[in-house]
> 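Here it is: the structure, laid out below.
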Amino acid sequence: MNPFKRTLITSALPYANGPVHIGHLAGVYVPADIYARYLRLKGEEVLFIGGSDEHGVPITLKAKKEGTTPQAIVDKYHGMIKDSFQRFGISFDVYSRTSAPVHHETASEFFKVLYDKGEFIEQTSEQFFDQEANQFLADRYITGTCPKCGFEKAYGDQCESCGTSLNATDLINPKSMLSGNVPVMKETKHWYLPLDRYEPWLKEWILEGHKEWKPNVYGQCKSWIDGGLNPRAVTRDLEWGVPVPVEGAEGKVLYVWFDAPIGYISATKELTPDWKKYWKDPETRMLHFIGKDNIVFHCIIFPAMLKAEGSFILPDNVPANEFLNLEGDKISTSRNWAVWLHEYLEEFPGKEDVLKYTLTANAPETKDNDFTWKDFQARNNSELVAILGNFVNRVLVLTNKYYDGVVPAAGALEARDEETLAALLQLRAETEKALDTFHFHEALKSAMEMARLGNKYLADMEPWKVIKSDPERVKSILHICLQITANLSIVFEPFLPYTMEKLRGFLNFGKMGWNELGRRDLLAAGHRVNAPELLFEKIEDEAIQKQVDKLLATKKANELAQATVAPAKPHIEYDDFAKMDIRTGTIIAAEKVAKTKKLLKLTIRTGIDERTVVSGIAESYEPEQVIGQRVSILVNLAPKNLKGIESQGMILMAEDKDGRLIFVAPSGEIGDGAEIR
RNA sequence: GGCGAGGUAGCUCAGUUGGUUAGAGCGCAUGAUUCAUAAUCAUGAGGUCGCGGGAUCAUGCCCCGCCCUCGCUACCA
């Protein structure tokens, strides 16, 4: 039915500047792992690839901040990530890293092939350069005063005080973070991948050829393609990364987005010399499991790279998930708002599968979703413990009690028995259908139906009553219950691998393939099962409260950190201040600037004149609200053209931590044009 | 502002090419039951399917406008 002989599953490479959290797991690794285990169980040829993404500017910055080397940073987090994945039971066939020699070779070679084929454009532009350190500076390497809030240590790409995103050229008094010197502008040459060349092809391949992709994925792609594609730089001026393998490119490395997806290829190479089978044979089906932030790279850019190279296969599907929130707020590494996998593994030992279950049941498949500890507890207690664990326990307790742990032979089956056994095959079909279409939430639900089926059968048959009147009949009932239990050990294998291993131990039963699922004779009469233990244990309120408290503490710490007032700027002379001509004024007209979110066009009576000022306050005020508002206005600021309107001056606003803006205005009776000093 | 994805019971989600009383799980209520980790099983309450128009014999599903959430993007003197 499908023309493919094998499947290559890739999962987004986690960035090695921090540990992995439940957001990564729910969006990428848990679904990818379930799918990989499912295919393996079906006996298909599968390769499941993972690895750490270890290049890029943030890692070099972190290294600098901690006074160590980028390699030390990535060694630390790669080790941590790899270890927690392994303990958690993400069944990678290989977990590699982009700092590995094999990756440097592979990425380098890939670049070289495109370079030799003339697939790049060369372009020269001006960028900041540190003369003392003798290198170009990425935006993150420039620090200076934020033009908006005056925070002195703003980075070239973003001000961490007010959150504004910036260009390095916006900064007042830019300084190099390497030497502290003032950087100069200097020309630099880079290579670009002309994505525009692939537009017609992408249109056909995705928009025509892959209408089955998830709506979120397809929509994003369409948006990008319809919006027109531009050439994208594939190199950067940086020391940390894969060196650009052409002459005259000293001090340049491959840009991370070019480098990282090639990591999938390198990882495959690291695993097997037979890697080409997975990457170059059209009978291989490639799947990229990613989060929604990665859609454009995996659907547009990486395929364009592969296409440009010419000898690689393309992804057949890209099942991207949305984002997972935590207790109502966005997960954030820098704000420590996350449930970290390595901490979970320590605090909930032996409960790896519980987290997998919760994250699958709550997977952000079609929209962002919320993880709460309360929900985690409920899923564990009322589904895993009460439905699945309890059924298994009931069956095994009864078997031990009545038959000393030996599987009884079934007698003549009644209609209800037949129905129940037939339902196993039905549930298998439902689970399969959901898994085949990447509906993991639904798949898990139909697997759980099997345990419900057992509970209901048991409740209706009431063997504990029948045993008194018709002991022969009870043999049939428990025989069937045991077959259901054995089937459970198969159907849950992709989702709850550790637990199913445990269950097979209880049943004294070997691991069976997916194809055996639905059979009514998995356990032979006379087979001896073991004494039951508990499959899952209840999670008490205290354990949950502890986690909630931990998050509350984080929240408090964040608020405190936010409450810290930006430090004072260095002294200036009175003359510096005196240069500023600040006056009282009144807003006499206001309207929204078309096609902007934040801008209002204000007409201000300054006493001197009436003038136009464009101000970024539209998120705090409606135009009608501000008419008549008294203001303080800097009148001798050089005019600046904004969105086609000449802005003559600047309104003084006070801004709180939430970005709310308040007018700084005269507090008593005073006319327009009064000098403020 | 532009583009994309969402907005369905208290919570988490399904709803096929528009077709009779809109579904599931959890939670809640009531009942049954005791083999089982007070677990299970049954029944029930609970929804102007974001809002307003329109096309249709008929729409949660189609068209138009608006509102809200998330992502990408532009703007913040």
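Proteins get letters first, then strands, A, B, ... in listed order; numbering begins at 1 in each.
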> Touch check for A:H441, heavy atoms < 4.0 angstrom, all strands: base, sugar-phosphate only, or nothing?
sugar-phosphate
> Can you give me the dot-bracket string for RNA chain B, 5' to 3', counting Watson-Crick and G-U wobble pairs with both distances under 3.5 Å, using [ ] for crossing pairs and | for partners on another strand?
(((((((..((((.....[...)))).(((((.......))))).....(((((..]....))))))))))))....
> State plainly whether the residues A:R452 and A:E449 are in salt-bridge range, i.e. N to O under 4.0 Å.
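Counted as a salt bridge, because a side-chain N and a carboxylate O are separated by less than 4.0 Å.
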> Counting only side-chain N and O atoms of A:K214, is one of them less than 4.0 Å from OP1 or OP2 of B:G6?
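No, outside the criterion.
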> Report the distance from atom CD of A:E365 to atom P of B:G15, rounded to the nearest whole Å.
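These atoms are roughly 10 Å apart.
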> Tell me, please, which residues at least two apart from A:K222 pass salt bridge (Lys or Arg N to Asp or Glu O under 4.0 Å).
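A:D226.
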> Under 3.5 Å, sequence neighbours excluded: what are the donor-acceptor pairs made by side chains of residues 646-654 of chain A?
from	atom 1	to	atom 2	distance (Å)
A:S647	OG	A:V614	N	2.9
A:Q648	OE1	A:T612	N	3.2

> Please list, chain by chain and in numerical order, all residues satisfying side chain to side chain donor-acceptor pair (under 3.5 Å) with A:N321, sequence neighbours excluded.
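For A:N321 the side chain to side chain donor-acceptor pair (under 3.5 Å) partners, ignoring immediate neighbours, are A:K214.
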> Is it true that the NZ or CZ of A:K356 lies under 6.0 Å from the centre of A:F495's six-membered ring and within 45 degrees of the ring axis?
no
> Rounded at 0.5 Å granularity, tell me how far CZ in A:F391 sits from SG in A:C481.
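Atom-to-atom, A:F391:CZ and A:C481:SG are 4.5 Å apart.
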> Does a nitrogen or oxygen in the side chain of A:K374 sit under 4.0 Å from OP1 or OP2 of B:C11?
no
> Enumerate all atom pairs, one protein N or O and one N or O from nucleotides 24-26 of chain B, separated by less than 3.5 Å.
from	atom 1	to	atom 2	distance (Å)
B:A24	N3	A:K445	NZ	3.4
B:G25	O3'	A:R452	NH1	3.4
B:G25	O3'	A:R452	NH2	3.2
B:C26	OP1	A:R452	NH1	3.4
B:C26	O3'	A:S382	OG	3.3

> Listing time: all N or O pairs from protein to nucleotides 29-35 of chain B that are below 3.5 Å?
from	atom 1	to	atom 2	distance (Å)
B:C35	O2	A:R394	NE	3.1
B:C35	N3	A:R394	NE	3.0
B:C35	N3	A:R394	NH2	2.6
B:C35	N4	A:R394	NH2	2.8

> Determine all donor-acceptor pairs shorter than 3.5 Å in which one atom belongs to a side chain in residues 453-466 of chain A; sequence neighbours excluded.
from	atom 1	to	atom 2	distance (Å)
A:N455	OD1	A:R394	NH1	2.8
A:N455	ND2	A:I387	O	3.1
A:K456	NZ	A:D460	OD2	3.2
A:Y457	OH	A:D417	OD1	2.8
A:D460	OD2	A:R416	NH1	3.0
A:D460	OD2	A:R416	NH2	3.2
A:E462	OE2	A:K465	NZ	3.2

> Which is true for A:T372 with a 4.0 Å heavy-atom rule: it touches a base, it touches only sugar-phosphate, or it touches nothing?
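No contact at all - A:T372 keeps every heavy atom at 4.0 Å or more from the nucleic acid.
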> Taking atom C1' in both B:G27 and B:C11, compute the distance separating them and give it to the nearest angstrom.
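To the nearest whole Å, 7 Å.
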> Can you list everything that forms a salt bridge (Lys or Arg N to Asp or Glu O under 4.0 Å) with A:D329? Sequence neighbours excluded, please.
A:K555
> List for me each residue that meets salt bridge (Lys or Arg N to Asp or Glu O under 4.0 Å) alongside A:K475, sequence neighbours excluded, and say none if there are none.
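Listed in chain order: A:E472.
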> Please tabulate, for the side chains in residues 576-584 of chain A, all donor-acceptor contacts under 3.5 angstrom to protein atoms that are two or more places apart in sequence or on a different chain.
from	atom 1	to	atom 2	distance (Å)
A:D576	OD2	A:E573	N	3.2
A:D581	OD1	A:R583	NE	2.5
A:D581	OD2	A:R583	NH2	3.1
A:R583	NH1	A:G673	O	3.1
A:T584	OG1	A:G671	O	2.7
A:T584	OG1	A:G673	N	3.2
A:T584	OG1	A:A674	N	3.0

> Taking the six-membered ring for Trp, is the centroid-to-centroid distance between A:W373 and A:F348 below 6.0 Å?
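Yes, the ring centres sit under 6.0 Å apart.
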> Which atom names give the shortest non-hydrogen contact between A:P31 and A:G27, and what distance separates them?
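Shortest heavy-atom separation between A:P31 and A:G27 comes out as CG-O, 3.7 Å.
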> With A:E365, which residues qualify under salt bridge (Lys or Arg N to Asp or Glu O under 4.0 Å), at least two apart?
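With neighbours one apart ignored, the set is empty.
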> So if I define the base as every atom that isn't primed, P, OP1 or OP2, how would nucleotides 59-74 of chain B read as a B/S/- string at a heavy-atom cutoff under 4.0 Å?
-----------SS--B
